[in-house]
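All remarks here apply to the structure that follows.
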Protein chains: 2
Amino acid sequence: MARTQGSHSDITGPRVREAARRLIARHGFAAVSMRKIAAEVGVQAGALYNYIPDKQTLLFEIMQAHMEELLTARAELDAPADPVQALEQFTRFHIRFHSNRPDEVFIAYMELRNLTPENFAAIEAMRRTYEDQLTEILVAGVAAGHFRLAEPRVTTMALIAMLTGVNTWFREEGRLSLDEVEGIYLDMVRRTVAA
Amino acid sequence: MARTQGSHSDITGPRVREAARRLIARHGFAAVSMRKIAAEVGVQAGALYNYIPDKQTLLFEIMQAHMEELLTARAELDAPADPVQALEQFTRFHIRFHSNRPDEVFIAYMELRNLTPENFAAIEAMRRTYEDQLTEILVAGVAAGHFRLAEPRVTTMALIAMLTGVNTWFREEGRLSLDEVEGIYLDMVRRTVAA
DNA sequence: GATTGATCTGAACGCGCGTTCAGATAAACC
DNA sequence: GGTTTATCTGAACGCGCGTTCAGATCAATC
């Protein structure tokens, strides 16, 4: 078995995904051709098929990797028993994780309609798992008398939409630091559910 | 000048835009071909060019019409002097207007990157005009001592993201009516800015 | 009923698409 | 240094793309 170390595939494979991520986030899945991705990597289009079975799978794998990283990173935190602290942790985690990965977040929200039904279902299930974690915090907080809200699921969707919205306007070079933004949003989140 | 009345153009023109709106919302601008739009209307692709100069302009006009309707519908309301009432009016208006036009809202948020720079700037300016109306309400409310918030612009973006998020999950056939959803969100909005 | 002109068809244009594959290339191993 | 084989090239495939346009169609006008 020749060339098991120093193989280009260790380098080219990840580079294909990186290039695809950047280009799809910028121009949209349908507007990015395999040839453009290949050109970005510095390779001919045919070579891409050493690393992906087809374009659809490439998109799916980008989304899947993103959602798995999200769930893994979240699972690595130890959850505070106190719902108030858990909500703060969730809020800070969400803003920080998502603002660090604008391309992946954009793709995961915008390109869902370009997934096959099976792939769509897989991504949706992971997203739902994540959302449920916030819902659980809210329900626990209500039970403990710390939060007051009409519909945990509605509040979940409202808060996540609000928090993810940071990505649409926040810029590193802007007037506010991410720390400051985090504080402002945390305050809004707390008020939204305050008892 | 023959055929000034009963002309097909009175019918076909709007139908082209309707078909384009539905298809683009469903599949994305890049994935919808002129031939598919024409087929939906029941016409050959060439006939579309009696009504639009090109595909880019079609997209722009769909977005432009949507934003103009938004600003017009909003301008037709008489703004309450009281910031608290103005915020309630804005909140209810936003949810109602946007949930009535899911296709247009989707397109206006998702297809911005497919606009030429000039067209993008035009749409962005209209969006900014709309956002500024909420910011003004917030600033007035703070001045009057009714609201308390750290950054009017940040709160504006947060609230609009939260409210527009309704479109991602609300379904007519669902458990909650739009009236109920409106009430729930209004409560969250009020808490977010409460003094 | 002839004329007019708005509307539409159908074919064509050059181009880029996703994907395949035979053959070239070159690094790792014996 | 010869062999192996992972990796890549370059050409090809059928297809659909946005757009153009000459000519057909046909309702409104005179």
Side-chain angles (χ1 to χ4, degrees), chain A residues 1-24 26-63 107 111 113-116 118-119, chain B residues 1-24 26-63 107 111 113-116 118-119:
Chain A
M1 175 174 41
R3 188 130 59 135
T4 52
Q5 294 171 13
S7 162
H8 286 185
S9 79
D10 301 346
I11 301 167
T12 308
R15 286 190 62 205
V16 168
R17 284 167 176 79
E18 278 161 32
R21 230 160 39 208
R22 190 170 49 252
L23 289 174
I24 293 173
R26 195 110 58 214
H27 306 291
F29 178 69
V32 174
S33 67
M34 300 300 274
R35 283 171 177 83
K36 282 179 192 154
I37 296 170
E40 190 86 355
V41 176
V43 112
Q44 294 299 314
L48 299 181
Y49 290 85
N50 289 318
Y51 307 101
I52 1 149
D54 50 44
K55 202 189 177 196
Q56 164 69 211
T57 306
L58 172 60
L59 175 62
F60 175 65
E61 285 180 0
I62 288 172
M63 291 199 189
I107 293 172
E111 305 295 353
R113 60 186 167 188
N114 285 309
L115 292 174
T116 61
E118 307 78 35
N119 288 345
Chain B
M1 171 174 43
R3 191 127 60 131
T4 53
Q5 293 172 13
S7 161
H8 285 184
S9 79
D10 300 346
I11 301 167
T12 308
R15 286 191 61 205
V16 169
R17 283 168 176 79
E18 279 161 29
R21 230 162 37 209
R22 191 170 48 251
L23 290 174
I24 293 172
R26 196 108 60 212
H27 307 290
F29 177 71
V32 173
S33 67
M34 300 301 273
R35 283 170 178 83
K36 283 179 191 154
I37 296 170
E40 190 87 353
V41 175
V43 112
Q44 295 298 315
L48 299 182
Y49 290 84
N50 289 319
Y51 307 101
I52 0 147
D54 51 42
K55 201 188 177 197
Q56 163 70 209
T57 306
L58 173 60
L59 175 62
F60 175 64
E61 285 180 0
I62 289 172
M63 291 198 189
I107 293 171
E111 305 295 352
R113 61 187 166 188
N114 285 308
L115 292 174
T116 61
E118 306 79 35
N119 288 345

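Numbers restart at 1 for each chain; the letters A, B, ... are given by sequence-line order, proteins then strands.
With dG10(C), dT19(D), dG18(C) as the choices, the nucleotide that has an atom nearest any side-chain atom of Lys55(A) turns out to be dG18(C). Which of dT19(D), dG18(C), dG18(D) sits closest to the side chain of Ser33(B) comes down to dG18(D). The side chain of Arg35(B) has dT19(D) as its nearest neighbour among dC8(C), dT19(D), dT19(C). For Ala47(B), the listed nucleotide lying nearest its side chain is dC8(C); candidates were dC8(C), dC17(D), dT19(D). Comparing dT9(D), dT9(C), dT19(D) by their nearest atom to the side chain of Gln44(B) picks out dT9(C). Among the nucleotides dC17(D), dT19(C), dC8(D), the one closest to any side-chain atom of Tyr51(A) is dC8(D).
The closest donor-acceptor contact from the side chain of Lys55(B) to the backbone of Ser33(B) lies at 3.5 Å or more, if one exists at all.
Look at NZ on Lys36(A): it is 12 Å from C1' on dC15(C), rounded to the nearest Å. Nucleotide dC17(D) holds its P atom 12 Å from the CG atom of Leu48(B), rounded to whole Å. For the pair Ile11(B) CD1 and dA27(D) C1', the computed distance is 13 Å after rounding to whole Å. The separation between Met34(B) atom CE and dT9(C) atom C1' is 16 Å, rounded to whole Å. In this structure, the CD1 atom of Ile52(B) is 11 Å from the C1' atom of dG18(D), given to the nearest Å. One atom, OH of Tyr49(A), and another, C1' of dC21(C), lie 13 Å apart when rounded to the nearest Å. If you take CG of Asn50(B) and C1' of dG5(C), they are 12 Å apart, rounded to a whole angstrom. In this structure, Ile37(B) places its CD1 atom 12 Å from C1' of dC17(D), rounding to the nearest Å.
Contacts of Val32(B) with the nucleic acid, taken as non-hydrogen atoms under 4.0 Å apart, involve only primed sugar atoms and P, OP1 or OP2.
Among Arg22(A), Arg21(A), Arg17(A), the single residue meeting the salt bridge (Lys or Arg N to Asp or Glu O under 4.0 Å) criterion with Glu40(A) is Arg22(A).
Taking Arg15(B) as the reference, nothing meets the salt bridge (charged side-chain N to carboxylate O under 4.0 Å, His left out) condition, with sequence neighbours excluded. The salt bridge (charged side-chain N to carboxylate O under 4.0 Å, His left out) test applied to Arg35(A) returns no partner, not counting sequence neighbours.
The shortest distance between the side-chain N/O atoms of Thr12(B) and the OP1/OP2 oxygens of dT7(C) is not below 4.0 Å.
When all heavy atoms of Leu23(B) and Lys36(B) are compared, the pair lying nearest together is CD1-O, 3.8 Å.
Nucleotides of DNA chain C nearest to Ala31(A) and Pro53(A) differ in position, and the one nearer the 5' end is that of Ala31(A).
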